[in-house]
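Accompanying notes for the structure given below.
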Amino acid sequence: RKKRFLQLLLSPRQEQTGGSFLQSRAFSKSKLTWRLMGEGYSRQLSIEDQRYMLRLAFRMWSEVTPIEFEEEVTSPASMIDIRLGFGTGRHLGCTRAFDGNGQEFAHAWQLGDIHFDDDDQFTTLNNPNGISLLKVAVHEIGHVLGLPHTYRTGSVMQSSYIPHEVGFELDWLDRKAVQQLYGVCEGPFDTIFDWIRKERNQYGELVVQFNTYFFRNGWYWLYENRNNRTRYGDPIALSVGWRGISYEGIDAFVHIWTWTKYATYFFKGTQYWRYDNENDIAYTADAKGKRYPKLISEGFPGVPSPIDTAFYDRRDQHIYFFKDSNVIAFNVNTKQVNGYPKRIVDVFPGVVLDDHPISNLNAVYYSYKYQSIFFFKNNFFWKVVNERDKQRNPSLPYNGLFPKRKIGDQWFDICNVHSSVLEM
Amino acid sequence: EKLFHIRDHSDILSISEQQASPILDQKAAQKYLAKYGWTEQVNWDNNEDQNSADEHPAPKELLDILQEGSSLSRQVGNTQTEPTKSIVYVQALKEFQEVNGLPMTGKLDEATKDAMNKPRCGVPDKKVLLNDTSNFNQTTHLNSTTDNGDGGTNATVNSKE
């Protein structure tokens with residue numbers, strides 16, 4: 001008891017100093033190479049199955065850390081960061097022998113290699129018998145990255161193998177543990193939006209649901225707000241989930257929703273598409289037969305292009321287009337931009353002096369979860385003052401911008417993966 | 001090619017040439033605890049100078065004590081004497097039992113043997129990294145597996161010295 005009490009007293013300081021120690025035990029690169037060594041193939045599974053499982057295991061860590069893992073098959077073995085292999089007994093020049101079938105199934109060396117005991121029965125995803133190669137690989141990669149064992153229920157870093165009935169994933173605490181070593185994922189987004197869809201529930205009632213999406217380059221993530229993470233297995237290529245639009249570099253998504261209008265648009269450069277929500281594909285032509293993509297200048301007269309981003313404000317039924325340091329409010333009913341352009345800082349003033357994105361926004365996003373508008377630039381976001389904020393503090397300026405915060409502090413674990421595993 | 005007699009090769013897939021020695025007695029348990037760092041942190045650094053617990057058998061006097069069959073927990077009792085190596089092993093066993101949600105008896109009962117015989121990772125639970133010039137040691141985050149109903153969010157007890 002005395003020992004634990006002392007540790008509790010010392011723990012804040014230990015964590016502070018421990019952080020610097022931990023930093024020295026982590027890879028310093030953001031891209032790591034790996035290879036399943038030719039002399040270390042398993043006798044039990046096909047080579048393709050082995051490589052697929054390992055590729056997936058590395059991808060799972062990529063999805064929660066700012067590290068990309070690339071399978072490298074051409075460089076000399078000495079240049080590979082993480083080498084993997086199967087062996088039995090005395091194996092692969094390792095000084096620690098395996099013990100045969102049962103008990104020890106693998107081991108790994110921090111910042112080093114991973115060995116699997118081929119006397120144990122490893123299985124693939126669809127086989128419930130034996131030991132899941134995927135789960136063991138994820139565990140051992142955790143060691144390579146610097147994580148120790150834990151006995152916390154639900155952790156992938158438990159020392160004993162726990163069979164799982166359905167697909168396992170890295171839970172919140174495992175993510176935070178590895179992020180203590182490598183930091184969180186950061187980076188600008190191209191556009192962020194909530195996509196509304198109407199569905200009938202089990203009682204036949206029409207309900208409106210939304211999903212939150214983040215776009216970056218040619219990828220997108222579905223963000224599960226209730227779980228504070230992205231959907232397992234994301235990112236996905238834009239071409240898979242959003243058919244008919246440009247497959248990278250989308251500037252904006254706009255959903256016009258009034259009593260008489262309901263339309264969604266994607267913008268890129270000087271062009272835009274209208275999206276068919278029912279069929280989940282972009283329209284190829286409008287009602288008059290004019291093909292998409294169309295020029296922004298045709299569909300939205302008075303709006304200069306290319307734009308930085310845009311969003312639709314239901315409060316006043318205007319689309320706000322942002323370009324450089326200016327904003328242009330387009331009235332969807334009159335199709336006019338009277339009184340614009342104006343400076344962003346004038347229409348959306350900062351609540352705190354000198355805390356404002358000023359220009360070249362990446363994205364502007366209305367969140368149904370937070371019922372607020374957010375401005376995004378680089379790794380930061382600014383929340384726009386809404387009705388509730390004004391009620392609490394009437395001195396706040398209308399459409400004011402609160403001080404910036406890091407995107408990763410509110411939307412968690414939106415991480416890139418290596419392009420070679422994007423299609424998995 | 002390995003010799004097989006069954007069309008689907010299941011005779012060579014299911015029966016391995018080598019079986020891991022199960023943990024059945026206290027001597028094996030001692031080795032287990034030493035191997036995975038429960039009695040003393042294991043030097044574990046990049047596959048170099050790796051000292052297997054097999055190369056460091058327990059002291060003879062300790063083995064004699066264990067083989068007599070006397071319970072070390074009786075010997076420990078409530079005395080305030082300086083810890084001996086036998087106490088180290090009993091404490092290690094109790095610690096192992098605790099984190100595995102087992103009664104902390106200090107005895108090698110069936111449940112403890114089962115826990116030791118489960119498939120597990122070969123990385124020690126407590127290890128020291130040789131190349132670290134600091135005194136930083138990696139230890140397992142010892143968190144009881146007992147479910148207290150909060151979904152596994154027990155406070156972490158860090159057993160670092």
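Chain letters run A, B, ... following the sequence lines, proteins first and then strands; every chain starts at 1.
Looking only at heavy-atom pairs under 4.5 Å with chain B, the residue among A/Ala106, A/Ala97, A/Gly89 that has the most is A/Ala106. When the candidates B/Ser21, B/Ala115, B/Pro119, B/Pro22 are compared by the number of heavy-atom contacts under 4.5 Å with chain A, B/Pro119 comes out ahead. Options A/Ser160, A/Gly130, A/Ser159, A/Gly102 differ in how many heavy-atom pairs under 4.5 Å they form with chain B, and the most are formed by A/Ser159.
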With side-chain contact (heavy atoms from CB on, under 4.5 Å) as the test, would you mind laying out the steps for A/Trp61 and A/Leu32 before giving the verdict? CA-CA 12 Å; A/Trp61 284 108; A/Leu32 299 171; over 6 Å; no
Criterion salt bridge (Lys or Arg N to Asp or Glu O under 4.0 Å) on B/Lys126 and B/Glu95, from CA distance to verdict: CA-CA 12 Å; B/Lys126 302 183 190 184; B/Glu95 208 177 339; 2.9 Å; yes
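In this structure, the portion of A/Ile131 lying under 4.5 Å from any heavy atom of chain B is its side chain and not its backbone.
Side-chain rings of A/His91 and A/Phe86 stay apart, their centers remaining 6.0 Å or farther from each other.
Looking at A/Tyr151 and B/Glu98, their side chains never come closer than 4.5 Å, going by heavy atoms from C-beta outward.
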